[in-house]
Every structure is written in C-alpha cells, then in structure tokens.
There are 2 protein chains.
Amino acid sequence: MEENRARLLHAARRAFAAKGYGDAVMDDFAAEAGLTRGALYHSFGDKRGLFAAVVGQIDGEMAARAKAVGARAGDGFAALVAEGAAYIEMALDPEVQRIVLLDGPAVLGDPSKWPSQNACLEETRRAVERLMADGVLKPVDLDAAARLLTGAALTAALWVAAGDDPGSRLPKAVEAFRCLSEGLLAPSR
Amino acid sequence: MEENRARLLHAARRAFAAKGYGDAVMDDFAAEAGLTRGALYHSFGDKRGLFAAVVGQIDGEMAARAKAVGARAGDGFAALVAEGAAYIEMALDPEVQRIVLLDGPAVLGDPSKWPSQNACLEETRRAVERLMADGVLKPVDLDAAARLLTGAALTAALWVAAGDDPGSRLPKAVEAFRCLSEGLLAPSR
DNA sequence: ATTACGACATACGCGCCGTATGTCAACTCA
DNA sequence: TGAGTTGACATACGGCGCGTATGTCGTAAT
C-alpha cells in the first residue's frame, strides 16, 4: 500500500504541476498510477487532502535543501542570505511555482497555517532565531521576520520566473533580497 | 448597460470574497444582480474574465489609497515605508486577502503579469524610482526592489490576518517591514 | 419597413467531484 | 478450518457548475 500511495503522490504531483489544481483531474493521475479514484479517496480523503500531501512533500524537500545550503555557508548572517537565495533558485522549478506558490495559498490558505507546518518556514525561523540571539540581527519579532524573509524570497522567485529571461533576473532578485535582509542587521557592532 | 456591469461586478466581488474563486458560482451573483449568466458571459467573457475585472478594480483602489498615504507622508523614504504599511493594513480586509492575495495569483498567474498591470505594484515602483534617482536608495534593480517590497508587504498582511489576534501582529509586521526596507537605504550620507 | 445588431435570456451537454456500494483478499479467532 | 471481520481498493451513481449554442426583443440604420 505504501508503494501505491507513493505512486499516487508522484502522479498527482506531476499533474498538479502541469495543469494546476483546478484543471488536474483525479481520474488522470489515478490512471497514471494504475489505480482508480477509489484508491485516492481511500488514501487521501479528498482532492484537497491529496494536494496537501503533495505540498507537504515538496515543502519538506525545499526545507531540507535550504538547510543543507545554509549549513554549507556557515552559521552567520551569510548563511541566512544563502538560504534565501536557495529558496529563490528552488522556486524557479515550475513544480514549486505552480504548487507551492500559486495554488498552495489559494487552496490551503496562508502558508503559516499549512498542515505540513511549513518546514520551509520553520527552517528560516530557526536561522533567524540563532542570529537574533547572537545579537547579529535587530530584535524585531521573530515570526514576523522569518515570515517576511521567506515571503520575500518566494515572491522574488515568482518574479524571476515570470520574466522572459529568468537567467538575467535571477541575480537581480538575489541581490535585492540580500539588501532587504541586511535591513535586519543590528547597527554596526 | 454600464449600470448592469457595475452591479454584476459588485455582486461578483462579494461572492469571490466570501467563498473564494472556486466555490463562487456564476448563477449566484448573476441572480444577486437581478440578471442571468447570459449577461455575465456577454460582458466578461468567462469566469476568469470576470474575476480579472474584480481584481483590477480592487487593485486600482489599493494603489490609489497607497498613493494618497504616500503623498501625505512626504516624498522621502518615510513615504515609501508608509505606503508599505498602508498595503499591510489594506490587506487585512478579507476581500483583499481572498481575492488579491490568495486566489489572484492562482487564477491569473504572477501579479506582475496581471491584465490590470498591477497598479499597486506600479505605484511603489515609481516611489522607488524617485528615491533611487535621489541616491537615497542603493542602486539595485528597480523592478526587483519594487516587486520584493510589495511582495513582502502583502506577505506580511497574510501573516497578520492568519493569526488569532491580528491587532497584536500588525505592529510587529509593520516594524519588520520597516527594517527590511531600510536594507535598501544607501549607506550613510 | 426591413434589416442588422447588441444585450441579454434560455436550454443543453459535458466534465468532474464526492459518495454510496460492491468485491476480494488477508487476517482473526474460536 | 471455516465463519466473521477488516482494510484496500473498484464500480456505479447523482449532482453541480461551467461554457456554448440558440432564441428573443428592443433599437438603430438605411
């Protein structure tokens, strides 16, 4: 069964990414997984449940990747910026775009309330928390700062991908994001 | 006919805000306006067209309001921050939330490509442009900066509204937004 | 006066979701 | 070991909502 669940999830993920939530049809990815809708409703409850599962999966992957990038960049402010840049680049993936950035909020509501608890958001929250405790960042509200940072990064990604030449916009977006992040830095030292 | 168009728009706006794009039914707001779906399809083409019109209307109102707030706050950096704060407050309106922030991107794609040309985005773009020309802001990419600022503000609003007590989150969000904005300030003077 | 046209209303089909019901294996337990 | 139970699906059905094709009626044009 775990096998089937995974195949359904995979098929659904592709369909949601390709057609968007509204136009993706249950029968299609059930068939693609070699099953029927019965299996879907049994495993995921309804269409939203299935979608939430897909979102959770992608979110987890993004958080893991961001964490890895952050770790590689040390543990200071640079790591935070690196994580943000990583989010921007990851969100260039059409799958992430369509599912997490566009349909996700519309179907599941604000990301901070997602069932997957938004691992992605949690990750930068921890990073901000550390930096704030170390006095590197201004003591603004923790959650607000984390939410705005990820929001800005993902917004940036959307902008990058919406352009005709993502390659040229990407560095501009990363640079702008870095500047904004620096606004959180505590004055001098 | 202009009269009818306006009534349909009004009814649709209420329905979209209350139920979301997916659950809002054409017949309902046609009936609410005292007409049938025929009138809708005649005036707006299809459901997306109608939705786009609603989004354009709200977007215009928001931009106008932001402009007014900005003007009242002078023409310096403070005005930019004030505009951002204004966006955050405006986005506390459930109508704006549901229509512009949640369903908008899902149905119409990235805001920077909206048919309404996103007056709201244009407005801050101009503000940033002035400040950058005056050397108040760092010379980062204009569009990127504007997009990230509005994105951050609207993201912040979503976060504020998602909480149990919006009143307590609002000042935190505005404060965090102000900090981020300051990251764009050119070093000293 | 006939024609053309625009603003709607009406009618219809089609797709898709959810749910109710059926099937069949594996497993339990006396 | 065989009757009962449960869980993982498949199948069947109803209903709703969108889009479109078609009809109607008033008004302007010539």
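The sequence lines fix the lettering, A, B, ..., with proteins before strands; numbering per chain opens at 1.
For the contact set between residues 10-29 of chain B and DNA chain C, defined by any heavy atom under 4.0 Å, there are no members.
Note: CG (B/Leu50) to P (D/dG19) measures 10 Å, nearest angstrom. Between the CG atom of A/Leu35 and the P atom of D/dC9 there is a distance of 7 Å, given to the nearest Å. One atom, CZ of A/Arg7, and another, P of D/dA8, lie 16 Å apart when rounded to the nearest Å. Nucleotide D/dC18 holds its P atom 15 Å from the CZ atom of B/Phe44, rounded to whole Å.
For residues 37-76 of chain A, the ring pair (Phe, Tyr, Trp, His ring centres under 6.0 Å) pairs, not counting sequence neighbours, are A/Phe16-A/Phe51, A/Tyr21-A/Phe51. Sorted by first and then second residue, the ring pair (Phe, Tyr, Trp, His ring centres under 6.0 Å) pairs with a member in residues 117-155 of chain B form an empty list; sequence neighbours excluded. Residue pairs that meet the ring pair (Phe, Tyr, Trp, His ring centres under 6.0 Å) test with at least one member in residues 69-125 of chain B, sequence neighbours left out, do not exist here.
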Report, one line per pair, each donor and acceptor closer than 3.5 Å where one atom sits in a side chain of residues 60-68 of chain B; sequence neighbours left out.
| from | atom 1 | to | atom 2 | distance (Å) |
| --- | --- | --- | --- | --- |
| B/Glu61 | OE1 | B/Arg13 | NH2 | 2.9 |
| B/Glu61 | OE2 | B/Arg13 | NH1 | 2.9 |

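Evaluation of the salt bridge (charged side-chain N to carboxylate O under 4.0 Å, His left out) rule for A/Lys113 yields no partner, not counting sequence neighbours. Not counting sequence neighbours, B/Asp59 has no partner by the salt bridge (charged side-chain N to carboxylate O under 4.0 Å, His left out) test. In this structure, the side chain to side chain donor-acceptor pair (under 3.5 Å) partners of A/Asp103, at least two apart in sequence or on a different chain, are A/Arg98. Every residue was checked against the salt bridge (charged side-chain N to carboxylate O under 4.0 Å, His left out) condition with B/Glu129, not counting sequence neighbours, and none meets it. Checked against salt bridge (charged side-chain N to carboxylate O under 4.0 Å, His left out), B/Arg48 has no partners two or more places apart in sequence or in another chain.
Taking every nucleotide of DNA chain C with any atom under 4.0 Å from a non-hydrogen atom of chain A, the first and last of them, 5' to 3', are C/dC16 to C/dT19.
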Quiz prompt | Secondary-structure notation, DNA chain C, from Watson-Crick and G-U pairs under 3.5 angstrom (| other strand) | solution = ||||||||||||||||||||||||||||||
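In this structure, B/Leu148 and A/Trp159 have side chains that are not in contact, with every pair of non-hydrogen atoms separated by 4.5 Å or more.
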